[in-house]
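Values below: every heavy atom of this structure, side chains too, minus hydrogens, waters and symmetry copies. No experiment lies behind these values; they were computed from the predicted model shown.
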Amino acid sequence: MNINYFMNEAIKEANYAYKNNEVPVGGVLVDIKTSQIIYRSHNQVNKEKNAMHHCEIDLIMHSCKTLSRKYLHDTVMFVTLEPCLMCASAISEVHIDKLYFGAYDNKNGGIEKFKFQTKREHAFKTDIYGGIMENDCKALIEKFFKRLR
């Protein structure tokens, strides 16, 4: 599986979010067996007027519907920012096998900051890899918040 290719696809989604005045977080969900993108998304909190409409939640909701399954076994998620606690829980709940994320989120990140998965004894454990193309992902976030100020 070409990790850089899929992270670049996630960055494309983040750029789309940026152009639409959303916090620029993008992602894709990929079938591990076929290396095909199941669904792609980005933050839509402002558009949907719903603080829970994070990229990861949208990826999960649409992928479950597309595949007609409640669990997303044999999938890998690529997202440009470390998931928050809400999204980290959702990723575990639907049994996504692997997560690759770009920039670390020292303020709201739920994967590394809270060591979310290691504290849940009976939860599904997703394999997590952070810092993938981190500088590119971080630069887009910083550019967005500089524009707001």
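Ring geometry for H73 versus H95: interplanar angle over 60°, hence perpendicular rather than tilted (30 to 60°).
Every residue two or more places apart in sequence or in another chain that forms a side-chain contact (heavy atoms from CB on, under 4.5 Å) with K33 is listed here: D31, D74.
In this structure, E93 CD and I60 CD1 are separated by 9.5 Å, a value rounded to the nearest 0.5 Å. Here N21 contributes atom CG and R147 contributes atom CZ; the two are 5.0 Å apart, rounded to the nearest 0.5 Å. For the atom pair N106 CG and E82 CD, the distance stands at 7.5 Å (nearest 0.5 Å). How far SG of C64 is from CZ of R69: 8.0 Å, rounded to the nearest 0.5 Å. Of the inter-residue distances, the one linking S89 atom OG with E56 atom CD reads 12.0 Å to the nearest 0.5 angstrom.
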Fill in: CA sep, side-chain torsions, deciding dist, call: D97, D127, side-chain contact (heavy atoms from CB on, under 4.5 Å)
CA-CA 6 Å; D97 292 289; D127 293 332; 6.0 Å; no
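Judged purely by atom type and a 3.5 angstrom limit, T75 has no side-chain atom pairing as donor or acceptor with the backbone of L29. In this structure a side-chain-to-backbone donor-acceptor pair under 3.5 Å is present from E22 to V45. The main-chain N or O of G27 is never found under 3.5 Å from a side-chain atom of E13 such that the two would form a donor-acceptor pair.
Among L81, N43, L59, the one residue that satisfies the side-chain contact (heavy atoms from CB on, under 4.5 Å) test with H54 is N43. Paired with I91 under the rule side-chain contact (heavy atoms from CB on, under 4.5 Å), one option of I57, L72, L99, V79 passes, and it is L99.
Counting Ile, Leu, Val, Met, Phe, Trp and Tyr side chains that sit under 4.5 Å apart, directly or through other members, I3 shares a hydrophobic cluster with M1, Y5, F6, M7, I11, V28, V30, I32, I37, V76, F78, Y100, Y129, I132, M133.
In plain terms, the two heavy atoms of C55 and S41 that are nearest each other are SG-O, 3.5 Å. Between Y104 and G130, the shortest heavy-atom distance links the atoms OH-C, 3.4 Å. Nearest approach of P83 to A88, heavy atoms of both residues: CB-N, 4.1 Å. The minimum heavy-atom distance between A103 and C137, with the atom names listed, is N-CB, 3.7 Å. P24 and T80 get closest at one heavy-atom pair: O-OG1, 3.7 Å.
Sparse packing is recorded around CE of M61, with 12 or fewer heavy atoms of other residues, nucleotides or ligands lying under 6.0 Å away. Within 6.0 Å of atom OH in Y16, 12 or fewer heavy atoms from other residues, nucleotides or ligands are found, so the atom counts as exposed in its surroundings.
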